[in-house]
Amino acid sequence: MDEARHERIRAAIAAIPEGSVATYGQIATEVGEASARLVGRVLREDGADLPWHRVLRADGSSAPQLVDEQHQRLRAEGVEIRDGRVVLADHRVASGWISER
DNA sequence: GGAATGACCGTGA
DNA sequence: CTCACGGCCATTC
């Protein structure tokens with residue numbers, strides 16, 4: 001049942017605190033039964049109701065078609081962006097943020 | 001059945 | 001720091 005994985009992936013993304021961000025790979029790792037590619041796919045299909053703007057690539061950049069709105073929304077939450085890349089060092093959530101309180 | 005595509009990642013030169 | 005390669009998983013042709 002891949003629905004279960006979708007569910008866990010969506011839950012992980014929904015659990016990202018405001019003002020924080022996570023990478024596709026980080027989410028995949030946290031969820032376990034997933035991969036970065038799958039996370040991206042899930043967001044494309046069913047990410048409309050999730051804080052998808054808090055999900056970035058490993059280097060802090062984002063996909064070309066998302067850059068505009070992504071940066072806009074993140075800045076609105078107080079996330080610092082430098083030279084087209086989010087400052088992961090300061091805003092990346094700590095591993096285990098899901099089950100962690 | 002195989003090849004190409006995509007909201008990707010880690011490693012090594 | 002940047003660029004190139006192989007690996008990753010699921011969908012689509």
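Computation of the quantities below employed the complete heavy-atom set of this structure, encompassing side-chain atoms and omitting hydrogens, waters and symmetry-equivalent molecules. Lettering follows sequence order; numbering is per chain, from 1.
Taking atom CD of residue Glu30(A) and atom P of nucleotide dC9(B), one finds them 15 Å apart after rounding to whole Å. Rounded to a whole Å, the NE2 atom of His71(A) is 16 Å from the P atom of dA7(B). Atom-to-atom, CD1 of Ile9(A) to P of dC9(C) comes out at 12 Å; the value is rounded to the nearest Å. Atom CZ of Arg92(A) and atom C1' of dC9(B) are 12 Å apart (whole Å). Nucleotide dC9(B) holds its P atom 13 Å from the CG atom of Leu38(A), rounded to whole Å. Put simply, CZ on Arg85(A) is 19 Å from P on dA7(B), counting in whole angstrom units. A straight line from CG of Leu74(A) to C1' of dA7(B) spans 14 Å, rounded to a whole angstrom. The distance between atom CD of Gln70(A) and atom P of dC8(B), rounded to the nearest whole Å, is 10 Å.
No option in Asp90(A), Leu56(A), Val87(A), Leu74(A) other than Leu74(A) meets the side chain to side chain contact (heavy atoms under 4.5 Å, CB included) test with Val79(A).
Taking atom C1' in both dG1(B) and dC13(C), one finds a spacing of 13 Å when rounded to whole Å. dA7(B) and dC3(C) have their C1' atoms separated by 22 Å, given to the nearest Å.
Under the 4.5 Å side-chain criterion, counting only non-hydrogen atoms from C-beta, Arg37(A) is not in contact with Tyr24(A). Using a 4.5 Å heavy-atom threshold, the side chains of Arg54(A) and Ser20(A) count as separate. Side-chain contact between Arg73(A) and Trp52(A) is present, with at least one heavy-atom pair separated by less than 4.5 Å.
Listed by residue number, the members of residues 42-57 of chain A with any heavy atom below 4.0 angstrom from DNA chain B are Leu43(A), Arg44(A), Trp52(A), Arg57(A).
Under 3.5 Å, the side chains of Gln72(A) and His53(A) contain no donor-acceptor pair of N or O atoms.
Interface remark: the Arg37(A) side chain does form a donor-acceptor pair with the dC8(B) base, using a distance-only criterion of under 3.5 Å.
For Arg85(A) and Glu80(A), the salt-bridge test fails: no basic side-chain N is under 4.0 Å from an acidic carboxylate O. A salt bridge between Glu45(A) and Arg41(A) is present, with a side-chain N of the basic residue lying under 4.0 Å from a carboxylate O of the acidic one.
Each of dG10(B), dC9(C), dA7(B) was ranked by its minimum atom distance to the side chain of Ser35(A); first place goes to dC9(C).
The side chain of Arg41(A) places no N or O atom within less than 4.0 Å of a non-bridging phosphate oxygen (OP1 or OP2) of dT5(B).
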